[in-house]
**Q** 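Here it is: the structure, laid out below.
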Amino acid sequence: MQDVSASHPTLNGGNLRRESLQQQVFENLRSAIMSGAFRPGEVLSSRALAEQMGVSAMPVREALTRLTTEGVLENTSSRTLRLRALRPQDFDEITSIRLEIEGMAAERACAEMTAKDLIGIRNLNDDLTVAAFSGDVDWYLGANAAFHAAIYKVSGWPLLVGMIERLWLMVGPSIRISVPDCAHMATSQYFHDQIMAALDVGDGKAVREAIVDDIRTAAKDIRAFLDPDKKQSLIREVSKP
């Protein structure tokens, strides 16, 4: 079980405003979990997080309590809090839902997209492209989350976006365990480029298809890490002469 003493670049405490500090700490932690800054089973120490974010322990403890209520964190026998690890069947359910609602949000976003929106999302994809081939996992994960979130936000349906964020909050740590693979990031970026190309021509159905392909392909890698038997089978296949 890993403690949170290692630095997480996603936790940008230096930019936190003093007003509504409690909400900012919560949103900062929530965003970090969604983007894959933490691993499944990782212990979150309120004191270590507070030091890293440059705040007192109180707002961090309150944020962790809210995340526990949301089912993202769980108590251990030693009375610490850790990221909940998904069971394979839980991940399958989440993936099936994501395919439907993220595809829906992306198709609707394409119809609502303004020229300004498109420029912003294209810039995010440019950053994601560099991140994907840099080998910098933290950069890639943050850029990936930002790219997808920007597209879904344009849908203009906050309830739908909230549902998507809830699912990313649950699956983010599992994404982390499979992404430190350059081949995975390169494959994922191929689909991101397909998404961008479809947005450029305003083809909503193609945008939905590319989003679905991206999620489904990434899910295969993640699922292998969640299922020890399947993972060992894949390792044996790779090891064959």
Side-chain angles (χ1 to χ4, degrees), residues 30-31 33-36 86 88-133 139-179 181-226:
R30 192 171 185 269
S31 177
I33 293 170
M34 281 194 292
S35 67
L86 290 178
Q89 58 267 38
D90 295 331
F91 178 76
D92 292 342
E93 180 181 0
I94 291 170
T95 300
S96 294
I97 299 170
R98 288 185 63 206
L99 292 172
E100 294 297 327
I101 67 175
E102 290 186 42
M104 180 196 306
E107 185 172 359
R108 177 174 169 80
C110 186
E112 301 295 320
M113 191 76 59
T114 67
K116 182 178 179 180
D117 292 329
L118 193 59
I119 290 172
I121 292 170
R122 186 181 296 113
N123 289 338
L124 289 172
N125 189 54
D126 289 343
D127 184 56
L128 182 53
T129 300
V130 178
F133 295 97
W139 182 10
Y140 171 80
L141 288 169
N144 178 62
F147 176 71
H148 281 268
I151 294 172
Y152 303 147
K153 183 178 180 180
V154 176
S155 71
W157 280 1
L159 181 59
L160 180 60
V161 172
M163 294 169 66
I164 292 170
E165 289 178 349
R166 168 71 173 158
L167 295 175
W168 273 63
L169 192 60
M170 296 169 68
V171 81
S174 296
I175 294 174
R176 175 79 193 200
I177 62 176
S178 71
V179 165
D181 181 322
C182 290
H184 174 107
M185 290 190 281
T187 299
S188 184
Q189 191 52 36
Y190 166 79
F191 292 116
H192 295 149
D193 290 338
Q194 294 298 304
I195 294 166
M196 197 68 245
L199 287 173
D200 281 335
V201 298
D203 188 339
K205 291 189 181 300
V207 173
R208 177 191 277 256
E209 290 173 2
I211 286 280
V212 167
D213 287 342
D214 183 29
I215 296 170
R216 183 179 287 125
T217 302
K220 292 178 182 178
D221 290 341
I222 299 168
R223 183 62 161 74
F225 279 86
L226 296 178

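The structure displayed is predicted, hence computed values, not measured ones.
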**Q** Above 12 or not: heavy atoms from other molecules or residues under 6.0 Å from CD of Glu93?
**A** no
**Q** To the closest 0.5 Å, what do you measure between CG (Leu124) and CG (Asn144)?
**A** 11.0 Å
**Q** To the nearest 0.5 angstrom, please state how far the CG atom of Leu167 sits from the CD1 atom of Ile97.
**A** 6.0 Å
**Q** Between Arg122 and Asp200, does at least one N-O distance fall below 4.0 Å, as a salt bridge requires?
**A** yes
**Q** Taking salt bridge (charged side-chain N to carboxylate O under 4.0 Å, His left out) as the definition, give me every residue that meets it alongside Arg98, ordered by chain and number, with sequence neighbours left out.
**A** Glu102
**Q** Compare every heavy atom of Ala219 with every heavy atom of Phe91, then report the nearest pair and how far apart it is.
**A** CE2-O, 3.5 Å
**Q** For the residue pair Ala186 and Phe133, what are the closest heavy atoms and their distance?
**A** CB-CE2, 3.9 Å
**Q** Side-chain contact test, heavy atoms from C-beta onward, threshold under 4.5 Å: evaluate it for Ile222 versus Thr95 and give yes or no.
**A** no
**Q** Show your reasoning for whether side chain to side chain contact (heavy atoms under 4.5 Å, CB included) applies to Asp221 and Thr187.
**A** CA-CA 11 Å; Asp221 290 341; Thr187 299; over 6 Å; no
**Q** Checking Ser188 against Asp214: is there a side-chain donor and acceptor pair closer than 3.5 Å?
**A** yes
**Q** What is the minimum heavy-atom distance between Gly103 and Val212, and which atoms define it?
**A** CA-CG2, 4.5 Å
**Q** If every non-hydrogen atom of Ala198 is compared with every non-hydrogen atom of Ala206, which pair is closest and at what distance?
**A** CB-CB, 3.7 Å
**Q** Contact between Tyr152 and Ile211 at the side-chain level, heavy atoms closer than 4.5 Å - yes or no?
**A** yes
**Q** Taking the side chain as every heavy atom from C-beta outward, state whether Arg30 and Glu165 have any atom pair closer than 4.5 Å.
**A** yes
**Q** With the side chain counted from C-beta on, respond yes when Asp127 and Phe147 share a heavy-atom pair under 4.5 Å apart, and no when they do not.
**A** no
**Q** So His192 and His148, would you call those rings parallel, tilted or perpendicular, with 30° and 60° as cut-offs?
**A** perpendicular
**Q** For the residue pair Ile195 and Asn125, establish whether any side-chain heavy-atom pair is separated by less than 4.5 Å.
**A** no
**Q** For the atom pair CD1 (Ile121) and CG (Leu128), what is the distance rounded to the nearest 0.5 Å?
**A** 12.5 Å
**Q** Over all heavy atoms of both residues, which pair between Tyr140 and Ala132 is shortest? Give the atoms and the distance, please.
**A** CD1-CA, 3.7 Å
**Q** Would you indicate whether the side-chain heavy atoms of Asp90 and Met170 approach each other to under 4.5 Å?
**A** no
**Q** State the CD1-CZ distance between Ile101 and Arg108, to the nearest 0.5 angstrom.
**A** 14.5 Å
**Q** Does a side-chain heavy-atom distance below 4.5 Å link Gln189 with Asp193?
**A** yes
**Q** What is the minimum heavy-atom distance between Asp213 and Thr217, and which atoms define it?
**A** O-OG1, 2.7 Å
**Q** If you round to the nearest 0.5 Å, how far is CG of Asp117 from SG of Cys110?
**A** 11.0 Å
**Q** I'd like to check the salt bridge (charged side-chain N to carboxylate O under 4.0 Å, His left out) partners of Asp92; sequence neighbours left out, ordered by chain and number.
**A** Arg223
**Q** Arg208 side chain to Glu107 main-chain N or O, any donor-acceptor pair under 3.5 Å?
**A** no
**Q** Determine whether Ile177 and Leu226 make a side-chain contact, defined as any pair of heavy atoms from C-beta on separated by less than 4.5 Å.
**A** yes
**Q** Check the pair Leu118 / Met196 against side chain to side chain contact (heavy atoms under 4.5 Å, CB included), numbers first and verdict last.
**A** CA-CA 9 Å; Leu118 193 59; Met196 197 68 245; 3.7 Å; yes
